[in-house]
Amino acid sequence: MIPNELSLPLPPAPPVGIGVAMTGCGSSVPEVCVDNDTLSQVVDTSDEWIASRTGIRQRRLASPEVSLTTIATTAAQNAIEMAGVTPMDIDLIILATSSADDLFGSAGRIQAELGARRAVAFDMTAACSGFVFGMVTAAQFIRTGTYQTVLVIGADVLSRWVDWSDRGTCVLFGDGAGAVVLQANESDRLLGFELCSDGRQHQSLNLAYKPEPKALVDGVTIAHGTYHPVTMNGQEIYRFAVQRVPEVIEKVLYRSGLTADQVDWLLLHQANQRILDAVAQRLHIPLHKVISNLAHYGNTSAASIPLALDEAVRQGKIQPGATIATAGFGAGLTWGAAIFQWGR
Ligand code: ACO
């Protein structure tokens, strides 16, 4: 007999005031490393041009046998281990990516590889802002008391989707994955956030589906095309980033009752060293507080923030309790910032 919905016991009311803490991080990159000199065999460029305009010296590229799922799963395993939980403790997996192995989503496969059988898993796309958007989404599920332990993964293999004959874009990107575990916690370590979108500027950066008409039967034509490689108006994206990112961080600092000098680390999406420097300068945050690893990895899109976080934590740079201002920005256009303290 199907029970009458109204006769079922009500779910427990969500506990009020649950805090969120980031308790583990992990990362993984493909083994193949390509430096700028090597790239100059592919397009007309040089180490001098790339390094001086972007700060990038090398990037990791995924070979055909390396999938997004592989690197994302390894990053997640490392984060789970650091958090001291097991895959069966995970309630929710959010995979932020723009380059899933499967357009229907790759989070499910990662859930299976991890053996996180209790977890619900889904993909989320917000380009290079994906990790920050995913982290904030995860925090909402924790704060409402719905879930206790959430895995957020940022992973991308944009080498599959750049135009390797376009020197203006192909030199910028690399492949990688990073992950964090967020847990319900007595103290709230997520001090504030803000997420933004402006679709009017979507043409400045995209990886768009290009339809090709295909006649099915008389009077019925459908689109049967494919995705075209990344196109970008570099100067517009630069202007957008150096204006919007300091703005949104300042807003979140204000809401969190903090000032820029109370930030221990500025952890931005690793797009370009000139963007990192300009944002830090506008916020009056000294460069020694800016986390930067893009010289080694290039722009790894949704992976860049958790990848840089993981390196800094494992190097002992970021210590428990450190106040971190993070911001993602990219296609959409999307941008967003969060201020959090590392650890419980
Ligand atoms: N090697 C050598 N020359 C190059 C290369 C290259 N890889 N790429 C472009 N050039 C040439 C151009 O053809 C142009 O030559 P020309 O003057 O003869 O026409 C010249 O360099 C200047 O090109 P610009 O595009 O004006 O170069 P700019 O100084 O703007 O630098 C860059 C380009 C680095 C992309 C810059 O616009 C930028 O930093 N943009 C920010 C966007 C960004 O970082 N995007 C990353 C992805 S998006 C994201 O993550 C948000």
Side-chain angles (χ1 to χ4, degrees), residues 27-68 70-72 74-75 97-99 127-128 154-178 204-207 227-238 241-242 267-280 287-288 290-312 314-315 317 329-331:
S27 62
S28 172
V29 289
E31 264 176 38
V32 176
C33 181
V34 175
D35 65 16
N36 292 343
D37 283 333
T38 309
L39 215 52
S40 67
Q41 297 167 28
V42 181
V43 282
D44 180 13
T45 190
S46 64
D47 178 53
E48 200 282 323
W49 194 96
I50 301 171
S52 63
R53 305 278 178 130
T54 70
I56 299 165
R57 295 248 172 219
Q58 57 192 43
R59 71 283 296 140
R60 301 300 184 95
L61 300 179
S63 312
E65 69 280 6
V66 176
S67 68
L68 179 100
T70 329
I71 56 173
T74 308
T97 188
S98 308
S99 47
C128 303
D156 268 307
V157 280
L158 284 184
S159 62
R160 293 175 180 173
W161 291 109
V162 294
D163 177 350
W164 285 102
S165 65
D166 174 13
R167 66 180 181 172
T169 52
C170 74
V171 302
L172 303 174
F173 297 98
D175 302 332
S204 306
L205 180 55
N206 57 29
L207 200 179
Y227 290 87
H228 277 211
V230 174
T231 58
M232 178 183 74
N233 182 330
Q235 286 170 10
E236 261 181 38
I237 293 295
Y238 183 88
V242 300
L267 174 58
L268 302 178
H269 164 50
Q270 308 281 299
N272 185 313
Q273 190 61 45
R274 290 190 308 169
I275 295 178
L276 305 193
D277 294 347
V279 172
L287 291 184
H288 69 263
V290 179
I291 304 276
S292 172
N293 69 352
L294 56 74
H296 305 294
Y297 302 108
N299 176 347
T300 56
S301 195
S304 85
I305 293 174
L307 178 59
L309 172 75
D310 185 46
E311 276 199 357
R314 287 176 197 270
Q315 286 164 359
K317 254 177 154 177
F329 49 94

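Computed from a predicted model, the values in this text were never measured in an experiment. In this chain, numbering begins with 1 at the start of the sequence shown. Worth knowing before you read on, the calculation uses all heavy atoms, side chains too, and leaves out hydrogens, waters and symmetry mates.
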Quick one: [atom1] on [X] to [atom2] on [Y], what's the gap to the nearest 0.5 Å?
X	Y	atom1	atom2	result
Thr231	Leu207	OG1	CG	8.0 Å
Ser98	Asn206	OG	CG	11.5 Å
Trp49	Leu39	CH2	CG	11.5 Å
Asp37	Glu48	CG	CD	11.5 Å
Ser99	Tyr227	OG	OH	12.5 Å
Ile71	Asp156	CD1	CG	8.5 Å

Shortest non-hydrogen separation from [X] to [Y] and the atoms involved:
X	Y	value
Ala51	Asn36	N-ND2, 4.0 Å
Ala278	Val242	CB-CG1, 3.7 Å
Val157	Ala62	CG1-CB, 3.9 Å
Ser159	Trp164	O-NE1, 3.0 Å
Ala312	Ile291	CB-CD1, 3.7 Å
Thr45	Ile50	OG1-CG1, 3.4 Å

Scan residues 293-306 for pairs that pass salt bridge (charged side-chain N to carboxylate O under 4.0 Å, His left out), counting only residues two or more places apart or in two chains. none

By the salt bridge (charged side-chain N to carboxylate O under 4.0 Å, His left out) test, which pairs, at least two apart or in different chains, include something from residues 52-62? Asp47-Arg57

Before you tell me yes or no, could you show the steps for Leu267 and Leu309 under side-chain contact (heavy atoms from CB on, under 4.5 Å), namely the whole-Å CA-CA distance, both residues' side-chain angles and the distance that decides it to 0.1 Å? CA-CA 7 Å; Leu267 174 58; Leu309 172 75; 3.8 Å; yes

Would you say [X] and [Y] make side-chain contact, with heavy atoms under 4.5 Å?
X	Y	answer
Thr54	Leu294	no
Leu268	Ile275	no
Pro229	Asp166	no

For [X], check side-chain hydrogen bond (donor to acceptor under 3.5 Å, both in side chains) against everything at least two apart and list the hits.
X	value
Ser46	none
Ser52	none
Ser204	Glu236

Holding to side chain to side chain contact (heavy atoms under 4.5 Å, CB included), I want the full list of residues that pass it with [X], two or more places apart in sequence or in another chain.
X	value
Gln58	Cys33, Asp35, His296
Gln235	Asn233, Arg239
Glu31	none
Ala155	Leu68, Ala72, Leu95, Ile153, Ala177

With sequence neighbours excluded, what pairs up with Tyr297 under the ring-ring contact (aromatic ring centres under 6.0 Å, His included) test? none

Main chain of Val66, side chain of Ser63: is a donor-acceptor contact present, judged purely on distance under 3.5 Å? no

Donor-acceptor pair, Arg167 side chain versus Val43 backbone, under 3.5 Å? no

What pairs meet the side chain to side chain donor-acceptor pair (under 3.5 Å) rule with one or both residues in residues 268-277, with sequence neighbours excluded? His269-Asn299, His269-Ser304, Gln273-Asp277, Gln273-Ser292

Going by the rule salt bridge (Lys or Arg N to Asp or Glu O under 4.0 Å), which residues pair with Asp175 if we only count those two or more places apart in sequence or in a different chain? none

